[in-house]
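Heads up: numbering here begins at 1 and tracks the sequence.
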Amino acid sequence: MSAYSGYYLDKEKLLQSSSGGGASAISEAIINEGGVVFGACYSKDFKSAEFACVEKLEELHKLKTSKYIETSKRIFQNGEYKSIYLAVAEKLQSGSTVLFTGLGCDVAALYSFLRAKNVDTSSLFTVDLICYGPTSSEVAKQYTDSLEKRFASKIIDFSVRYKKHGWTPAYIFAKFENGKIFTKNFYASDYGYAFSVHARLSCYSCKFRGKNHQADLTLGDYWGLTPDMKEYNQNGVSIFIVRTERGEELIAKINKNEFKLQRTDVDFALSHNTMYYKTRKKSQTWEMFDKHLTTKGLHYAVVKDQSFPKRFIKTIRPIIISILPNSVKNIIKKLLKKKA
């Protein structure tokens, strides 16, 4: 295994990306060579997530930003929905170079499907994402429904990783047809709380962690960096964990004039990105939260799942952190390290 860190040199492109823009940088390289890219995108109404096939640079925006909800394993092509795995197989069989980006389970399922269909994978590159475990798509639907009701207008743009104050903390961003804009600290929202406590049941026993990652390359946010490190950028940094020679090929394709890429220490990277090899723990109240979500709604489920003091702390802490200058944050981090 080898590891790299990196981010877009163009500040605007970096701010439009969830982390450092690693997935977009690789996707751009594939498309510039005449290939196609498959990845997750929001539905047109932003109430669910599905897959899309991108063949032009100007369409890559569809795949940007994290979704944090389960993605339907389907894609809309030629006026109808079909299996995402079948769509990838058809592109490979037509002779196209294909980049597939998804969660670890998505990549494993794709390889299983292609083996069963005896499809040649010599022109396939795969990237999986360091995954905490997505929450139910019902969360996105109920949350966006509530926003549209509140603002009496349809959402025309939406993100759960808006960089309002840089890389962290993440903000929800919603733009409406009537021109109004809504932002809120992600983890201070019902959406963020649901993501933190209510993953798919299968995610609590994920089989595609650590050595069981099947993608050529794994991508995520490079957590653990501090402002005094040369690899740090306040607007986001990507971590690339390379597992195969084809993964190294993907790294080599990145345009180094537009993307700052450098080798980094694998052990340090993994020690601060534990979801690469660990699964999340199931909340003791998962069943009750799930019941309330489906019967009484997202907000009711969130309020019932925690006491007022816990909710207050969870809401106010990220807001306070977001307004502190980086110099103060750095001092606090150093004090905590000394205490540890």
Side-chain angles (χ1 to χ4, degrees), residues 2-33 35-42 49 51-68 71 99-103 125-132 157-173 186 215-225 227 229-242 247-264 269 272-273 275-276:
S2 59
Y4 298 82
S5 69
Y7 53 84
Y8 270 122
L9 295 171
D10 184 292
K11 184 178 179 180
E12 192 60 33
K13 293 181 75 171
L14 180 55
L15 287 173
Q16 292 171 0
S17 305
S18 293
S19 52
S24 294
I26 292 174
S27 297
E28 287 178 355
I30 293 293
I31 291 173
N32 284 331
E33 293 182 356
V36 302
V37 178
F38 288 90
C41 70
Y42 279 116
F51 278 88
C53 177
V54 173
E55 301 183 36
K56 299 177 181 178
L57 292 178
E58 56 266 31
E59 295 178 352
L60 264 180
H61 65 89
K62 297 177 183 178
L63 310 184
K64 287 181 181 289
T65 80
S66 303
K67 307 330 183 269
Y68 292 159
T71 304
L99 170 66
F100 179 86
T101 300
L103 303 184
F125 293 92
T126 56
V127 172
D128 67 359
L129 307 173
I130 296 178
C131 173
Y132 187 65
D157 194 12
F158 184 79
S159 173
V160 293
R161 287 291 300 270
Y162 175 53
K163 295 179 178 178
K164 185 175 182 178
H165 299 294
W167 191 7
T168 58
Y171 273 75
I172 287 176
F173 171 91
F186 177 69
D216 297 309
L217 184 154
T218 298
L219 262 173
D221 291 85
Y222 197 170
W223 304 125
L225 294 179
M229 295 180 174
K230 64 178 182 177
E231 295 163 283
Y232 180 82
N233 187 302
Q234 65 177 356
N235 293 317
V237 184
S238 294
I239 182 67
F240 305 76
I241 307 295
V242 182
E248 290 289 354
E249 285 183 47
L250 285 176
I251 292 293
K253 291 178 185 294
I254 294 174
N255 186 337
K256 312 306 187 294
N257 294 321
E258 297 183 1
F259 195 88
K260 184 177 176 64
L261 187 73
Q262 53 192 315
R263 279 189 175 271
T264 192
H272 290 87
N273 291 271
M275 297 312 293
Y276 178 83

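Atom-to-atom distance recorded for Asn233:CG and Leu225:CG is 10.0 Å, nearest 0.5 angstrom. Taking CG from Asn255 and CG from Leu261, the interatomic distance works out to 11.0 Å, rounded to the nearest 0.5 Å. Taken to the nearest 0.5 Å, the SG atom of Cys41 stands 11.0 Å off from the CD atom of Glu59. Rounding to the nearest 0.5 angstrom, the gap separating the CG atom in Leu15 from the NZ atom in Lys163 is 6.0 Å.
Minimum interatomic distance between Cys53 and Phe38 (heavy atoms only, all atoms of both residues): CB-CE2, 3.5 Å. Nearest heavy-atom pair, Met229 versus Gly224, reported as atom, atom and distance to 0.1 Å: CE-O, 4.1 Å. Minimum interatomic distance between Gly166 and Asn235 (heavy atoms only, all atoms of both residues): CA-OD1, 3.5 Å.
A search for side-chain contact (heavy atoms from CB on, under 4.5 Å) contacts involving Leu217 returns Ile26, Val127, Leu219, Phe240, Val242, Leu250, Ile251, not counting sequence neighbours. Applying the side chain to side chain donor-acceptor pair (under 3.5 Å) rule to Glu28 yields the partners Tyr8, Lys13; only residues at least two apart in sequence or on another chain are considered. Annotation: side-chain contact (heavy atoms from CB on, under 4.5 Å) contacts of Lys230 (sequence neighbours excluded): Gln262. Not a single side chain to side chain donor-acceptor pair (under 3.5 Å) links Ser27 to another residue, sequence neighbours left out. With sequence neighbours excluded, the residues satisfying side-chain contact (heavy atoms from CB on, under 4.5 Å) with Cys131 are Leu103, Pro134, Arg209. Looking at residues two or more places apart in sequence or on another chain, you find a salt bridge (Lys or Arg N to Asp or Glu O under 4.0 Å) between Glu33 and Lys253.
Asp221 and Trp167 share a donor-acceptor pair across their side chains, judged by distance under 3.5 Å alone. Ser19 and Ser238 share a side-chain donor-acceptor pair at under 3.5 Å. A donor-acceptor pair shorter than 3.5 Å cannot be found between the side chains of Tyr4 and Glu231.
Aromatic ring centres of Tyr68 and Phe186 lie closer together than 6.0 Å. Between Tyr7 and Tyr232, the ring center distance fails the sub-6.0 Å criterion.
Residues Phe259 and Leu9 fail the side-chain proximity criterion, which asks for heavy atoms closer than 4.5 Å. Between Ile31 and Val37 there is a side-chain heavy-atom pair separated by less than 4.5 Å. Residues Ile254 and Lys256 have side chains in contact (heavy-atom distance under 4.5 Å, counting atoms from C-beta outward). Considering only heavy atoms from C-beta on, Thr101 stays 4.5 Å or farther from Leu63 through its side chain. No side-chain heavy atom of Leu99 sits less than 4.5 Å from a side-chain heavy atom of Val36. Side-chain contact between Lys64 and Ser17 is present, with heavy atoms from C-beta onward closer than 4.5 Å. Under the 4.5 Å side-chain criterion, counting only non-hydrogen atoms from C-beta, Asp128 is not in contact with Asp216. The side-chain heavy atoms of Phe158 and Tyr42, taken from C-beta on, include a pair separated by under 4.5 Å.
Here the side chain of Arg161 pairs a donor or acceptor atom with the backbone of Ser18 at under 3.5 angstrom. Between the side chain of Ser159 and the main chain of Phe173, no donor-acceptor pair closer than 3.5 Å is present. Remark: the backbone N or O of Thr65 is paired with a side-chain donor or acceptor of Lys67 at under 3.5 angstrom.
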Gln16/Tyr162 under side chain to side chain donor-acceptor pair (under 3.5 Å): CA gap, chis, key distance, verdict: CA-CA 8 Å; Gln16 292 171 0; Tyr162 175 53; over 6 Å; no

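Classified by interplanar angle (parallel below 30°, tilted 30° to 60°, perpendicular above 60°), the ring pair Tyr171/His165 is perpendicular.
Salt bridge Lys260/Asp10: absent, no basic N to carboxylate O contact under 4.0 Å.
Enclosure of atom NZ in Lys164 by more than 12 non-hydrogen atoms of other residues, nucleotides or ligands within 6.0 angstrom is indicated.
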